[in-house]
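Below is one structure, written out as structure tokens; the observations come after it.
All residue numbers in this chain count up from 1 along the given sequence. These numbers come from a predicted model, not from an experiment.
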Amino acid sequence: QLEFITPFQLYFNPDLIFRKFQIWRLITNFLFFGPLGFSFFFNMIFLYRYCRMLEEGSFRGRTADFVFMFLFGGFLMTLFGLFASLFFLGQAFTIMLVYVWSRRNPYIRMNFFGLLNFQAPFLPWVLMGFSLLLGNSIIIDLLGIAVGHIYYFLEDVFPNQPGGKKLLLTPTFLKMVFDTPEEDPNYNPLPEDRPEHQPRDHGQNEQQHPQ
């Protein structure tokens, strides 16, 4: 917005990435949502809202798994971007988050601008229809829905099928970086660290030893 850089320095271009080594484009193409306007704020609100609800809901205490979903979704979208003329994938990423949240909360009733009432799983499709009404291409929305469905199927559906198993395994290094290490049940604290050796509250001492 301040014109320090231009969208031409951010968009997804495989030729510039692999031949000119402009690796940052793999990330920056997810971070640009167009000029300030209705579409920009619309995407920001949905990105913030559903990212937060996922993090505080089904991913509570599972930060590494949450980051792995980001990486998995970004990887699939980038692969698709190699074969299609897509320059910015941020909106697809937002739709992916909305799709995963909506499938994990199927019984929540939604209201869209006071005009439509529907169950949460229909939300991505309503957003796609709204995007179509604004004159935008729905390819990006379809990509977000497709990637979100792939993640949801591999993470929530297939492992619960007869003969199914969990295919999306969060790498150990992500858990080491993002997750709080579990307490060792065999850990034996030093004597001075044990509760019985902790100084008691002064008020309690006075109650136990009244003057």
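- Looking at Asp156 and Arg104, a side-chain N of the basic residue comes within less than 4.0 Å of a carboxylate O on the acidic one, giving a salt bridge.
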Using the rule given for side chain to side chain contact (heavy atoms under 4.5 Å, CB included), can you reason through Tyr151 versus Met96, listing the C-alpha separation, both sets of side-chain angles and the distance that settles it, and then say yes or no? CA-CA 9 Å; Tyr151 177 83; Met96 179 193 76; 5.6 Å; no
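- Side-chain contact between Thr94 and Tyr50 is absent, with no heavy-atom pair separated by less than 4.5 Å.
- Side-chain N or O atoms of Asn105 include none that pairs as donor or acceptor with a backbone N or O of Ser102 at under 3.5 Å.
- Rounding to the nearest 0.5 Å gives a distance of 4.0 Å between CD1 of Ile108 and CH2 of Trp101.
- Of the inter-residue distances, the one linking Leu143 atom CG with Ile138 atom CD1 reads 12.0 Å to the nearest 0.5 angstrom.
- The heavy-atom pair separating Ile95 from Gly144 by the smallest distance is CG2-C, 3.9 Å.
- For the atom pair CD1 of Ile139 and CD of Gln91, the computed distance is 12.0 Å after rounding to the nearest 0.5 Å.
- With a 4.5 Å cut-off on side-chain heavy atoms, Phe68 and Leu169 do not count as touching.
- By the 4.5 Å heavy-atom criterion applied to side chains, Phe93 and Val147 are not counted as neighbours.
- Taking every heavy atom of both residues into account, Leu168 and Lys166 meet most closely at O-CE, 3.3 Å.
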Please assess Thr170 against Val67 for the test side chain to side chain contact (heavy atoms under 4.5 Å, CB included), listing each intermediate value before the final yes or no. CA-CA 9 Å; Thr170 303; Val67 173; over 6 Å; no
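- The aromatic rings of Phe87 and Tyr11 sit perpendicular, their planes meeting at an angle over 60°, well past the 30° parallel limit.
- Side-chain contact check for Arg60 versus Glu55: every heavy-atom pair is 4.5 Å or farther apart.
- Arg49 has no carboxylate O lying under 4.0 Å from a charged side-chain N of Glu56, or vice versa, which leaves the two without a salt bridge.
- Between Pro121 and Pro124, the shortest heavy-atom contact is O-CD, 3.5 Å.
- The two atoms that bring Ser131 and Asp141 nearest to each other are OG-OD1, 3.5 Å, heavy atoms only.
- A side chain to side chain contact (heavy atoms under 4.5 Å, CB included) with Ile17 is found for one member of Asn29, Ile23, Thr78, Leu82 and no other, namely Ile23.
- Closest of all the heavy-atom pairs between Leu54 and Val100 is CD2-CG1, 4.2 Å.
- In this structure, the side chains of Phe70 and Cys51 come closer than 4.5 Å at one or more pairs of heavy atoms.
- Looking at residues two or more places apart in sequence or on another chain, you find no salt bridge (charged side-chain N to carboxylate O under 4.0 Å, His left out) involving Lys165.
- For residues 14-34, every residue pair satisfying the ring-ring contact (aromatic ring centres under 6.0 Å, His included) rule, not counting sequence neighbours, is listed here: Phe32-Phe88.
- Within a 6.0 Å sphere centred on CZ of Phe40, other residues, nucleotides and ligands contribute more than 12 heavy atoms.
- Annotation: Phe122, atom CZ; neighbour count of heavy atoms from other residues, nucleotides and ligands within 6.0 Å does not exceed 12.
- The side-chain heavy atoms of Phe12 and Leu26, taken from C-beta on, include a pair separated by under 4.5 Å.
- Using a 30° and 60° split on the angle between ring planes, His149 and Tyr99 fall in the perpendicular class, above 60°.
- Remark: Leu10 CG to Ile27 CD1 distance equals 12.0 Å, nearest 0.5 Å.
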